[in-house]
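Written below as structure tokens is the structure these notes are about.
In this text, all values refer to a predicted model and were calculated from it rather than measured experimentally.
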Amino acid sequence: VQLQASGGGLVQAGGSLRLSCAASGRTFSSYVMGWFRQAPGKERGFVAAISWTGGITYYADSVKGRFTISRDNAKKTVNLQMNSLKPEDTAVYYCAARAGAYTRYESEYDYWGQGTLVTVSS
């Protein structure tokens, strides 16, 4: 599976951005998909994940209620709608795929996209 993330950019605090991740391969629907982020000087951490069918979603506490993850298996895409953005959301955002059950541990994801930079100004 190859992943291509897009949609990052510069936004003011309180604004919104929508990240997208396009996947190649025929078995996209069998992967749990996740979003992670790495802020400057910090380790990469979990943001959100979504089950194979999209019926179950998981969020880090820091983004719960502000971010929404979704997927379209027909289009082989996973999206992250980010609302009410804060300066502390500034990071490089990565999408990832896991051929197994949900986890928030990045080491257990099998495939990674290249990352897209989100900058939130105050």
Side-chain angles (χ1 to χ4, degrees):
V1 175
Q2 291 187 323
L3 304 173
Q4 181 76 34
S6 62
L10 174 63
V11 63
Q12 288 189 331
S16 299
L17 276 177
R18 183 177 177 86
L19 305 184
S20 293
C21 179
S24 63
R26 295 178 295 176
T27 58
F28 176 75
S29 60
S30 64
Y31 288 91
V32 166
M33 298 300 297
W35 285 95
F36 293 77
R37 67 186 181 186
Q38 185 168 21
K42 295 187 177 181
E43 294 186 350
R44 189 158 57 185
F46 173 77
V47 175
I50 189 165
S51 64
W52 304 314
T53 63
I56 304 175
T57 55
Y58 311 86
Y59 297 95
D61 288 343
S62 59
V63 306
K64 201 171 295 183
R66 299 188 298 122
F67 290 12
T68 302
I69 188 171
S70 62
R71 68 188 295 162
D72 186 329
N73 286 341
K75 296 181 179 179
K76 299 181 183 178
T77 58
V78 59
N79 300 306
L80 186 68
Q81 178 66 43
M82 306 186 295
N83 299 328
S84 301
L85 283 161
K86 304 175 181 180
E88 51 263 44
D89 294 318
T90 295
V92 177
Y93 284 72
Y94 299 87
C95 60
R98 170 172 163 77
Y102 157 74
T103 177
R104 62 177 55 211
Y105 297 107
E106 63 167 301
S107 62
E108 298 187 15
Y109 280 76
D110 303 296
Y111 303 97
W112 291 85
Q114 85 289 2
T116 185
L117 176 62
V118 172
T119 303
V120 184
S121 62
S122 57

Would you kindly check if the NZ (Lys) or CZ (Arg) of Arg104 is within the cone defined by 45 degrees around the ring axis of Tyr58 and under 6.0 Å from the six-membered ring centre?
no
Mark yes when over 12 heavy atoms from residues, nucleotides or ligands other than Gln2 sit less than 6.0 Å from its CD; otherwise mark no.
no
Listed by chain and number, what are the side chain to side chain contact (heavy atoms under 4.5 Å, CB included) partners of Arg18, not counting sequence neighbours?
Ser70, Asn79, Gln81
Side chains of residues 114-122: which donor-acceptor pairs under 3.5 Å do they make with residues two or more places apart or in other chains?
unit_1	atom_1	unit_2	atom_2	d
Gln114	OE1	Ala5	N	3.2
Gln114	NE2	Ala5	O	2.8
Thr116	OG1	Gly8	N	3.0

Closest approach of Cys21 and Leu3, non-hydrogen atoms and distance?
SG-CB, 3.8 Å
Taking the six-membered ring of Tyr31, is the NZ or CZ of Arg71 close enough (under 6.0 Å from the centre) and on axis enough (within 45°)?
no
Working to the nearest 0.5 Å, report the span between CD1 of Ile56 and OG of Ser51.
5.0 Å
Separation between SG (Cys95) and CD (Gln4), nearest 0.5 Å, reads 8.5 Å
Working to the nearest 0.5 Å, report the span between CE of Met33 and CZ of Phe28.
4.5 Å
Please find the pair of heavy atoms, one from Asp110 and one from Ala99, that lie closest to each other, and give the distance.
OD2-N, 2.7 Å
Kindly write out the residues that satisfy salt bridge (charged side-chain N to carboxylate O under 4.0 Å, His left out) with Lys64, not counting sequence neighbours, or none if the list is empty.
Asp61
Locate the shortest heavy-atom distance separating Leu80 from Val47; write the atom from each residue and the value.
CD2-CG1, 4.2 Å
Let me confirm one number: the OG-OH distance from Ser6 to Tyr93, rounded to the nearest 0.5 Å.
15.0 Å
Pairing residues for Arg98 by the side-chain hydrogen bond (donor to acceptor under 3.5 Å, both in side chains) criterion, not counting sequence neighbours:
none
Search all heavy atoms of Thr90 against all heavy atoms of Ala39 and return the closest pair with its distance.
O-CB, 3.5 Å
Could you please spell out the steps behind the side chain to side chain contact (heavy atoms under 4.5 Å, CB included) verdict for Lys86 and Arg66?
CA-CA 10 Å; Lys86 304 175 181 180; Arg66 299 188 298 122; 3.8 Å; yes
When rounded to the nearest 0.5 angstrom, what is the spacing between CH2 in Trp52 and OG1 in Thr27?
12.5 Å
Apply salt bridge (charged side-chain N to carboxylate O under 4.0 Å, His left out) to Arg37 and list each qualifying residue two or more places apart in sequence or on a separate chain.
Asp89
Side chain to side chain contact (heavy atoms under 4.5 Å, CB included) partners for Ala96, two or more places apart:
Phe36, Tyr109, Trp112
Can you tell me how far CZ of Phe67 sits from CG of Leu19, rounded to the nearest 0.5 angstrom?
8.0 Å
Same cluster or not: Trp35 versus Tyr94, using hydrophobic residues (I, L, V, M, F, W, Y) connected whenever any side-chain heavy atoms lie under 4.5 Å apart?
no
Parallel, tilted or perpendicular, judged at 30° and 60°: which one describes the rings of Phe46 and Tyr102?
perpendicular
